[in-house]
Undergrad: 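Take this structure first; my questions come after.
Just so it is clear, the structure is predicted and the values come from calculations on it, not from any experiment. Throughout, numbering of the chain's residues begins at 1 and tracks the sequence. Values below: every heavy atom of this structure, side chains too, minus hydrogens, waters and symmetry copies.
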Amino acid sequence: MFWLPAGSDWGDRLASEPGTGHLNPLNPKTYQVLKNVIRDVSILFPETFYHGGADEIVPGCWKADPTIQSFIANGGTLSQLLETFVNSTLPYILSLNRTVVYWEDVLLDGIVKVDSSFLPKEHTILQTWNSGTNNTKIIVEAGYRAIVSSSDFYYLDCGHGDFLGNDSQYDQQAGGESLNGGSWCGPFKTWQTIYDYDITYGLSEDEAKLVLGGEVALWSEQADPTVLDARIWPRTSAMAETLWSGNRDEYGKKRSAEATDRLNEWRYRMVSRGVKAEPIQPLWCVRNPGMCNAVESS
């Protein structure tokens, strides 16, 4: 079906983007298929984690199904549907000796979410992408381990407009969202934005211990192999350094200038090895270290 029927409010959409379709938690065949998929993936990837998704459930899709319509008419809720799904898959994932990772929506979504009793803290990690440090704080305060993928800092696809056609938001001559590129998570996340982000900002020492690390995301609506290298590198290198080595010097100051020279040289090393990483400064800067900084080094 068309994802956003004419005249529909956003809340009544059948998907957040084309094409439409959700798994039906009330259909027993859902779990027959999923158990095969989960088993096969666990065999292919012998990691200790299994990502269970569970983000961005669109109520309109579920509500269009006759069995779910009947379920809701008899007093059931959309959150109970998700609880049914989690309770039917999580134990199987645990039986394969995996820790389950879910997107934060499974616990924090404003409409469809499960009670925390369905998500055992010792076996569940939550990956956060909304509201920057705020949702990270909520997750660790609840006692869950967190992986940080904040769309404000770590989404590499942002800032390239939108992929939808016939979009009226661009037909504005002054002001409007299109000034931000028409990207829901714009602007473009520069390497400096990524490097300066502190994923444990505002957390206590004990809370910070629950943050396992971070992960950048490059969603594929407007990315394919022709732009892959440039979208990922060297921005992901900036993220790697700040998470492995920190982004501050021995005096606690952000070491952005030092990192610029190092990352600039690293970018050219990648290019010499065939990786089409995007430039962060003119070549003159790498040949004259420190001369492209905003403040002269002391």
Undergrad: Can you get from L228 to V216 by hopping between Ile, Leu, Val, Met, Phe, Trp and Tyr side chains that sit under 4.5 Å apart?
TA: yes
Undergrad: Test question: given the 4.5 Å side-chain rule for I, L, V, M, F, W and Y, name all other residues clustered with I43, or answer none.
TA: none
Undergrad: Rounded to the nearest 0.5 Å, what's the gap from CD1 on I139 to CZ on R145? Could you check?
TA: 12.5 Å
Undergrad: Quick one: does T30's side chain have a donor or acceptor within less than 3.5 Å of a partner on P25's backbone?
TA: no
Undergrad: Would you say V148 ends up clustered with W103 if hydrophobic residues are merged whenever their side chains have heavy atoms under 4.5 Å apart, either directly or through other cluster members?
TA: no
Undergrad: According to side chain to side chain donor-acceptor pair (under 3.5 Å), who are the partners of S256, at least two apart in sequence or on a separate chain?
TA: D196
Undergrad: So how far is it from D12 CG to C61 SG, rounded to the nearest 0.5 Å?
TA: 13.0 Å
Undergrad: With ILVMFWY side chains joined below 4.5 Å, transitively, what does L283's cluster contain besides itself?
TA: Y268, V286
Undergrad: Sorted by first residue and then second, give each salt bridge (Lys or Arg N to Asp or Glu O under 4.0 Å) pair with at least one member in residues 16-41; sequence neighbours left out.
TA: none
Undergrad: Under a 3.5 Å distance rule, please check whether S131 uses its side chain to pair with a backbone N or O of N134 as donor and acceptor.
TA: no
Undergrad: Taking the side chain from K137 and the backbone from G202, do they hold a donor-acceptor pair closer than 3.5 Å?
TA: yes
Undergrad: For residues W3 and T20, report the shortest heavy-atom separation together with the two atoms involved.
TA: CA-CG2, 3.5 Å
Undergrad: Return the minimal non-hydrogen interatomic distance between A257 and N293, and the atom names on each side.
TA: CB-ND2, 3.7 Å
Undergrad: Measure across F49 and V101 and return the closest heavy-atom pair with its distance rounded to 0.1 Å.
TA: CB-CG2, 4.2 Å
Undergrad: I would like to know whether T84 and Y31 meet side-chain contact (heavy atoms from CB on, under 4.5 Å); could you show each step before the answer?
TA: CA-CA 11 Å; T84 298; Y31 306 107; 3.9 Å; yes
Undergrad: Which donor-acceptor pairs under 3.5 Å do side chains of residues 273-281 form with protein atoms, sequence neighbours excluded?
TA:
residue	atom	partner	partner atom	Å
Q281	OE1	N264	ND2	2.9

Undergrad: Begin from the C-alpha positions of L263 and R267 and carry the test side-chain contact (heavy atoms from CB on, under 4.5 Å) through to its verdict.
TA: CA-CA 6 Å; L263 191 65; R267 181 263 170 178; 5.8 Å; no
Undergrad: Answer whether the closest heavy-atom distance between the side chains of S79 and D115 falls below 4.5 Å.
TA: no
Undergrad: Can you sort out the partners of W233 under side chain to side chain donor-acceptor pair (under 3.5 Å), two or more places apart, ordered by chain and number?
TA: none
Undergrad: With a 4.5 Å heavy-atom cut-off, do T89 and Y92 have their side chains touching?
TA: no
Undergrad: Enumerate, atom names and distances included, each donor-acceptor pair closer than 3.5 Å involving a side-chain atom of residues 119-130, sequence neighbours excluded.
TA:
residue	atom	partner	partner atom	Å
T124	OG1	P120	O	2.8
Q127	OE1	H51	NE2	2.8
Q127	NE2	S149	OG	2.8
Q127	NE2	E215	OE1	2.7
T128	OG1	E104	OE1	2.6
W129	NE1	D105	OD1	2.8
N130	ND2	E104	OE2	3.1

Undergrad: Which hydrophobic side chains are connected to W284, either touching it within the sub-4.5 Å cutoff or through other members that do?
TA: M291
Undergrad: R98 side chain to L96 main-chain N or O, any donor-acceptor pair under 3.5 Å?
TA: yes
Undergrad: Nearest 0.5 Å please: distance from the CG atom of N135 over to the CG atom of L108.
TA: 5.5 Å
Undergrad: I'd like to know if the side chain of S245 reaches the main chain of T242, judged simply by a donor and an acceptor atom lying under 3.5 Å from each other, with no hydrogens or angles considered.
TA: no
Undergrad: Restricting to pairs with a member in residues 226-248, which pass salt bridge (Lys or Arg N to Asp or Glu O under 4.0 Å), not counting sequence neighbours?
TA: D198-R248, E241-R255, E241-R262
Undergrad: Considering only residues two or more places apart or on different chains, which pairs with a residue in residues 190-210 satisfy ring-ring contact (aromatic ring centres under 6.0 Å, His included)?
TA: F153-Y197, Y154-Y197, W191-Y195
Undergrad: Do you know which two heavy atoms are closest between L14 and A64, and how far apart they sit?
TA: CD2-CB, 4.5 Å
Undergrad: Decide whether T190 and T193 meet the rule of one side-chain donor and one side-chain acceptor closer than 3.5 Å.
TA: yes
Undergrad: Can you hop from V114 to Y102 via hydrophobic side chains spaced under 4.5 Å?
TA: yes
Undergrad: Checking D249 side chain against Y251 main chain: does a donor-acceptor pair fall under 3.5 Å?
TA: yes
Undergrad: Do V106 and F118 have side chains that get closer than 4.5 Å, going by heavy atoms?
TA: no
Undergrad: Calculate, to the nearest 0.5 Å, the distance between atoms SG and CG belonging to C185 and D157 respectively.
TA: 5.0 Å
Undergrad: With heavy-atom distances below 4.5 Å as the criterion, would you say the side chains of I194 and L156 are in contact?
TA: yes
Undergrad: Do any N or O atoms from the side chain of N36 and from the backbone of Q32 form a donor-acceptor pair under 3.5 angstrom?
TA: yes
Undergrad: Look at the aromatic rings of W184 and Y155 and report parallel, tilted or perpendicular, splitting at 30° and 60°.
TA: perpendicular
Undergrad: Count I, L, V, M, F, W, Y as connected when their side-chain heavy atoms are under 4.5 Å apart, and connections chain through other members. Are I232 and V227 then in the same cluster?
TA: no
Undergrad: Decide if atom CD1 of I111 counts as having more than 12 heavy atoms of other residues, nucleotides or ligands within a radius under 6.0 Å.
TA: no
Undergrad: Does any part of the side chain of T136, heavy atoms only, come nearer than 4.5 Å to the side chain of I199, both counted from C-beta?
TA: no
Undergrad: With clusters built from Ile, Leu, Val, Met, Phe, Trp and Tyr whose side-chain heavy atoms come within less than 4.5 Å, directly or transitively, what are the remaining members of the cluster of V58, listed by chain and number?
TA: none
Undergrad: So do the side chains of F2 and S8 get within less than 4.5 Å of each other, counting heavy atoms only?
TA: no
Undergrad: State, to 0.1 Å, how close M270 and S237 come at their nearest heavy-atom pair, and which atoms those are.
TA: CE-OG, 4.1 Å
Undergrad: Yes or no on side chain to side chain donor-acceptor pair (under 3.5 Å) for S204 and D206, after CA distance, side-chain angles and deciding distance?
TA: CA-CA 5 Å; S204 69; D206 286 338; 5.5 Å; no
Undergrad: Check whether any side-chain heavy atom of N97 lies under 4.5 Å from a side-chain heavy atom of T48, and answer yes or no.
TA: no
Undergrad: With rounding to the nearest 0.5 angstrom, report the CG to CD1 distance, L107 to I138.
TA: 9.0 Å
Undergrad: Given the rule that I, L, V, M, F, W and Y join up when any side-chain heavy atoms are under 4.5 Å apart, are L90 and L81 in one cluster?
TA: yes
Undergrad: Using 0.5 Å steps for rounding, measure from the CD atom of Q80 to the CG atom of L26.
TA: 10.5 Å
Undergrad: F71 versus L78: any side-chain heavy-atom pair under 4.5 Å?
TA: no
Undergrad: Taking the side chain from N87 and the backbone from E83, do they hold a donor-acceptor pair closer than 3.5 Å?
TA: no
Undergrad: Can you give me the closest heavy-atom contact between C158 and P187, atom names plus distance?
TA: CB-O, 3.8 Å
Undergrad: Please list all pairs passing the salt bridge (Lys or Arg N to Asp or Glu O under 4.0 Å) test where one or both residues lie in residues 53-64, with sequence neighbours left out.
TA: none
